[in-house]
Amino acid sequence: MRRRVIYSLLAVLMAVIFLINGCTTKASRLTPHEGGKIRIYTTIYPLYDFAVKIAGDKASVQKIVPAGVEVHDFEPSPKLVAGIYDADVFIYLGGSIDPWAEKLAVQLLKEGVTVVKAGEGLFQEELHEDEEGVTEGNGQHLDPHVWLDPILAKTLAERIAEAMAATDGKNEAYYRKNLEDLKKRLDDLDEKYRNSLLSTSKRDFVVNHAAFGYMAKRYNLNQIAISGLSPQQEPSPKKLAELAKLCKERDIRYIMVEAASSSKLAEVLAKETGNKVLVLHPLENLTDEDIRAGKDYFSIMLENLENLKRALNE
Ligand SMILES: [Zn+2]
């Protein structure tokens, strides 16, 4: 008798637990976040900045990779991952820049989150010039840095806006209007790059991190990279010596480095060749200082253009 009571109590308890669980899962999807706004989580900076520009005041956008962190090495903590389950929309690039997001995306999709792999189908093989001056794709790595080409960036923006419109239908017209404004700005940026870069006296530029392949291809330039697709890949002393020789042969006077990550190798090379150092920002992440200064995708792309013009004309 007593045992039967216990069993009944257990059954009730389990039903309650089941109900609570069911409710919380559902509630996080149905309860509107701050004033009915949908919540968007993004991985790298360009996706975040485009989402913010499309969201305006109608959606809240969070960036998962913290400011100042080297994106290629980043892995979110379990606590951070748990927080992402609160998303209505999850936006990642795909490829080697945010590989941790791929698995998470599968889980989020099961929870009913709208998931966007913004770089889907855009990646090409890494194009680089090797020590003998031959441009080739190495067949091993797909280059993730598509956002540095303003035309490919428009596709990223379109996919972000589509997901937001699909998830938050009542603000669809608003998101589409913001997307049109953003695409117009990207077209203007493309025109500025085109006008400034198609007539420079040199075509070759040296960078420490091979992030500018798509940009170089768009404007018919030639990226020569000291490191690989990830800035942590270190070149051999032999490669550094060959790069120094190449700089002399082609009258390359600048080594272009990322502002955020370590540029020791580039500085060593610059010292060896007597070259000067200029910043070319890969826009994978911003520092707190950049954010405080009010920088964004467009302001940094324009700073990059000024420095490129200098490197390619002097
Ligand atoms: Zn990179």
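Atoms within each ligand, like the ligands themselves, are counted from 1 in listed order. Numbering starts at 1 and runs along the sequence shown. Computed from a predicted model, the values in this text were never measured in an experiment.
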Got a sec: does the CD of Glu289 have more than 12 other heavy atoms crowding it under 6.0 Å? no

Do Glu180 and Arg185 meet the salt-bridge criterion of a basic N to acidic O distance under 4.0 Å? no

Report the atom name of the nearest N/O/S atom of His209 relative to the Zn ion (ligand 1). NE2

Closest Glu284 atom to the Zn ion (ligand 1) [N, O or S only]: OE2

Quick one: ring pair (Phe, Tyr, Trp, His ring centres under 6.0 Å) pairs with a partner in residues 295-314, sequence neighbours left out? Phe50-Tyr297

Suppose we only allow N, O or S atoms; which atom of His145 ends up nearest to the Zn ion (ligand 1)? NE2

Checking Phe123 now: which residues fulfil ring-ring contact (aromatic ring centres under 6.0 Å, His included) with it, not counting sequence neighbours? none

